J.: 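Take a look at this one; I'll ask things after.
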Amino acid sequence: MTAAQPDDLAGAPAAGAATEIDPDRLILDARKITKRFGGLVAVRSVDFTIPEGSIVSLIGPNGAGKTTFFNVIAGLLEPTDGAIAFRGNQVVAHARRAWAEPFFWFALPVVVLLIAIGIVLAGDEAAGELLFLLAIVLVVASLLVAIVRPPWYLAMLRRAGVFRSARPNEMVALGIGRTFQNIRLFQNMTALENVMVGMHSRMRATPADAAVRTRRHNGEEAKAVEQARHWLRYVGLRGRDNEAARNLPYGDQRRLEIARALASEPRLLLLDEPTAGMNPVETRQMTDLIAKVRRELGVTILLIEHDMQVVMGVSDRVTVLDHGEKIAEGSPSEVRADPRVIEAYLGRGATA
Amino acid sequence: MTTAVQEPSRTARISIDRRWNTPIGVAIALVVAYLLLVIAAGPQAQDQFINALTIGGVYALIALGYTMVYGIIELINFSHGEIFMVGSFVCWWLLTTLGFSGAITDPLVLIPVLVLTFVVSMAVMGVVGVVIERLAYRPLRNAPRLAPLITAIGVSFILQNLVFVGISNSIVTIPQIIPNPELHIGPINIRLINLFVIVLAVSLMFALQMFISRTKLGRAMRSTAIDREAAQIMGVNVNSTIALTFFIGSALAGAAGVVQGLYFGVTVFNIGFQNGLKAFTAAVLGGIGNITGAAIGGFVIGFIEVLASAFGYGRWSEAAVFATLVLVLVFRPTGILGQQLADRA
Amino acid sequence: MSRLDALRTRSARPRTFLGGHQSLSVFLFAIAITVLLPVIATLPPFSGFGTQKDWVNGFADAGVYILLALGLNVVVGFAGLLDLGYAAFFAIGAYTYAYGNSGFTGLDIPFWPMLIVGALVAATFGILLGAPTLRLRGDYLAIVTLGFGEIVPVVFLNSDKYTNGTNGITGIGQPSIYGVFGINGFGFTNPWPYYITIVVIITIVVCLLYRLEDSRLGRAWVALREDELAAASMGINTVTTKLLAFAIGASTAGLAGVFFSSKLSSVTPDSFGFTVSFTALAMVVLGGMGNIWGVAAGAFIVYELQTQGLKQLNTFAHSIGLQNVDFTNYQYLLYGLALVLMMLLRPEGLFPSRRRRRELHETPAEDELTAADPTAGVAA
């Protein structure tokens, strides 16, 4: 495998064009994020911001809460407390009264049901029966609403203080893509299909479109194949389109994960230890790819990494977590010199 | 199976020492159930209460097998209900072979016969459970999740139809060997068989709880449930531990089968299906993977059934049980007690 | 983002030709089968077992099970969810038509619109049942559907006032197509109209399923089956995707139910027990989970073996002096054995889909990968 070649589909933008970072234009603004698992506090009141167009690294010893924090941002975990704004939209809020949501589903049907019982008790069976039917229909309707979650329903929840966090799929739709620490490809799908799954949230064809093969479906599918091939070439997987993901070598699987995440057209890409288990050559290629993605596509990147060379090489800013708390933040050189960081990594006394 | 989610699951709970919550909760629940029965059944409330405890004991014994197997290999063992059914047929076969046809009044005969019936049925069913695990489930332990589930359904049908074809395609009557005097213990009137069943069920559950929490093998089971690979590395023989789990679970179902035979006096080839479904509901209700939970769940299901009949909706008792299952899954999928034995997402 | 925009405008050849081609071949195949089956039934070994009319009648009944298996295949084969109460949706479809067109309610809505209504009602129930449980782990779904499958017949049995209890609803209307079969063309004496009808329904269903499989939704199903967490992180709404599988499966069962009650002219609660769900599951597993034509073929073979094969085996056994055996008793025992053995020895089924074979066996068949990819060679 050679290093990722500059892509041939479109002329690469001038290098460095996207690296002008305005520290005030934040793509992600997380405030006081806390995540508890029972009595264990995995992340404690972490403030975290990512400027648009930057590469930010999250480092820390094992068990520092990096992946937990990551999963909170990706919508996989609901924070116990705190709020996250992505591109100015409040996307994750602690579900303050999640238990209250079912009451919203059933409130109306129950009222109708009670009226029905009242009418039956008053002696009018026929009208009661009709109302019973209505109650059943309402139960059906309200359950459907709770499943589909139309915007007005979410707005209602929000107004009542029962706001729920965005789900992972909603985060993808908003523009957050991710990879996993231990590769989670769709092993039995081909590389191309994996990438096409990544495009899911950018496609609009409904099952009905697929059933009657409308122009929307056909056009979109054809475009998706084209685009998926492009992304595979972009990460350096030329000619492996029809290979099952699990037959790819390890390094290529990592690349495929990135291609799959890029296919969802993210504005923010979350990479969880992208160079884990790689040899130095592969690591350098991966570092180049990460830099290229930011440079050419203007995608902001949040990186969890153990390899300090990678971190120091590509990051604009580094945040250090230890025991779920943020202990340092700054440019790579600042962080490297921070005594608390050295202490966290090497143990107490190392700074002496 | 092991979905290798490195992040802790959403349902993870650190168990805090609230050792009195469960007994107090059980006591309150029993009082409430009794009051409901007084409303529904009036003078028969006490009989119904004991009846519910007895039926609940049977469900609890079956539910333990579901919960143990699920806890250790995350498989809903659909064939477990059929193990219970075959257990009741073992009881029938043994008692008719020994030539009994009615109550045995001499305790010197009754007690050995009872012991023999239970030991034989539990041993046979335990072995059957282990054989099923070895032949049908073990080869599929690393297969996609759907495969063992489908196999379990298949095994269930095999057992059911083996009995259907080989033994009887209709209801068989089991000799009622336990005499039926009513005992008066203080204000309580209880028939001997009810007392026997309740005491037996509770003591079996207690023994199981002790076994799992106090013995080395029990510890092996718990560690296998939490992390099979780690347990293996630490020297636990995972295969035999899983086999042991199947043995104990199936033996308990065998005991439940004998109780079914002794208490109801009848059995039929398809009895395992619905009882299995109810027992599974009990296991989910109590928090699947949780031994105490399964026991409590079994009694709750017993009370739901008896209450449904007492209020005059006997035909709907199954629907009531099923509605309970769905409601629990919607509002509290971890069950009453949450997961303690196994906690994997 | 200019680069992405540039890409977006670049569109490859539309795939209408491929899509049309596939459906066309399904149609041609269906026509061939429709003509061939009754002909085969008149040939020597089969003509001895019954008249051509009996056979055609049997084929129409087999069609009901083919539909059931096709629908269950969406849930089990595509989305990887185990639905053990599938007969409930069949029952709901059947009772829907019974309400819509029988003396019991006095309504007389024609068969054809009721097909759609039955499918929609069944789909609604599918969504209702799936909604609370699909958020949970897969095996809970199995047990809840099992319970649902148990309860629905009980509800039909117990609500005497609305369903006529054990006796069921009788006098259900037959379909009619004016000018083609005549008003009385459909009936007990003439199985041909039903035969043609079910073939048409199956053909349409198969075409739609093929199209769904090869679409955004089909990919989402596979992704979900492989890794739910990763699928969610790639933007797939896991709940609605599963619900769609559930609803589509249920609606197919609803279609089958409407046809079934119309052909039988009556519905009783006891025709929708767990054995129906189990039979459909056995058909799907034997045919090859996830493979549409394989499942249809599997269902047909299993049904014919069950109705004709066991009967002929009995006749044979009786003719050689074994008077006491009745092989029809062994039907479900055989299904159970078949399920277990298939899962252990050939989990991909008799007619496997290529992807399933890849999933269920460690060693992939390399040269098939290209052929398996529906998109290969389109935009190259």
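Within every chain, numbering begins at 1; the chains are lettered A, B, ... in the order of the sequence lines, protein sequences first and strands thereafter. Since this is a predicted model, take the numbers as computed values, not measurements.
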J.: Evaluate I236(C) against N169(A) for side-chain contact (heavy atoms from CB on, under 4.5 Å), listing each step before the verdict.
T.: CA-CA 5 Å; I236(C) 292 169; N169(A) 56 298; 5.7 Å; no
J.: Please report the C-alpha distance between F186(A) and V222(C) in whole Å, then the side-chain angles of each, then the deciding distance to 0.1 Å, and finally whether the side-chain contact (heavy atoms from CB on, under 4.5 Å) criterion is met.
T.: CA-CA 8 Å; F186(A) 306 115; V222(C) 181; over 6 Å; no
J.: Could you measure the distance from the CD atom of Q187(A) to the CG atom of D227(C)? Nearest 0.5 Å is fine.
T.: 8.5 Å
J.: Side chain from CB out, backbone as N, CA, C, O: work out which of these in L217(C) comes under 4.5 Å of a heavy atom of chain A, or both, or neither.
T.: side chain
J.: In Å and rounded to the nearest 0.5 Å, what is the CE to OG distance from M171(A) to S233(C)?
T.: 11.0 Å
J.: With a 4.5 angstrom heavy-atom cut-off, could you sort out which part of T238(C) is near chain A: side chain, backbone, both or neither?
T.: neither
J.: Test your reading of the model: is there a side-chain donor-acceptor pair from R216(C) to the backbone of M203(A), 3.5 Å cut-off?
T.: yes
J.: Checking heavy atoms, do the side chain of A205(A), its backbone, both or neither come under 4.5 Å from chain C?
T.: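 For A205(A), the contact with chain C is made by the backbone alone.
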J.: Let's test your reading of the structure: which of A261(A), A211(A), S201(A), G177(A) forms the most heavy-atom pairs below 4.5 Å with chain C?
T.: A211(A)
J.: Looking at E221(A) and R219(C), is there a salt bridge between them, counting it only when a charged N and a carboxylate O are closer than 4.0 Å?
T.: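 Answer for the salt bridge query: yes.
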J.: Is R211(C) paired with D209(A) through a side-chain N to carboxylate O contact shorter than 4.0 Å?
T.: no
J.: What part of L244(C) is in contact with chain A, defined as an atom under 4.5 angstrom from a non-hydrogen atom: side chain, backbone, both or neither?
T.: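 Looking at L244(C), just its side chain touches chain A.
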J.: With a sphere of 6.0 Å drawn around CZ of F86(A), does it hold more than 12 non-hydrogen atoms of other residues, nucleotides or ligands?
T.: yes
J.: Quick check: closest heavy atoms across A210(A) and L212(C), and the distance to 0.1 Å?
T.: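 That closest heavy-atom pairing would be CB-CD2, 4.2 Å.
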J.: Could you give me the CA-CA distance, side-chain angles and deciding distance for S215(C) and H217(A), then say whether side-chain contact (heavy atoms from CB on, under 4.5 Å) is met?
T.: CA-CA 8 Å; S215(C) 77; H217(A) 169 88; 3.6 Å; yes
J.: L76(A) and L229(C): which non-hydrogen atoms are nearest, and at how many Å?
T.: CD2-CD1, 3.8 Å
J.: For the residue pair N188(A) and R225(C), establish whether any side-chain heavy-atom pair is separated by less than 4.5 Å.
T.: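 Sidechains of R225(C) and N188(A): no contact.
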J.: For the pair V197(A) and E226(C), evaluate side-chain contact (heavy atoms from CB on, under 4.5 Å) and give the outcome as yes or no after the intermediate values.
T.: CA-CA 12 Å; V197(A) 171; E226(C) 294 222 350; over 6 Å; no
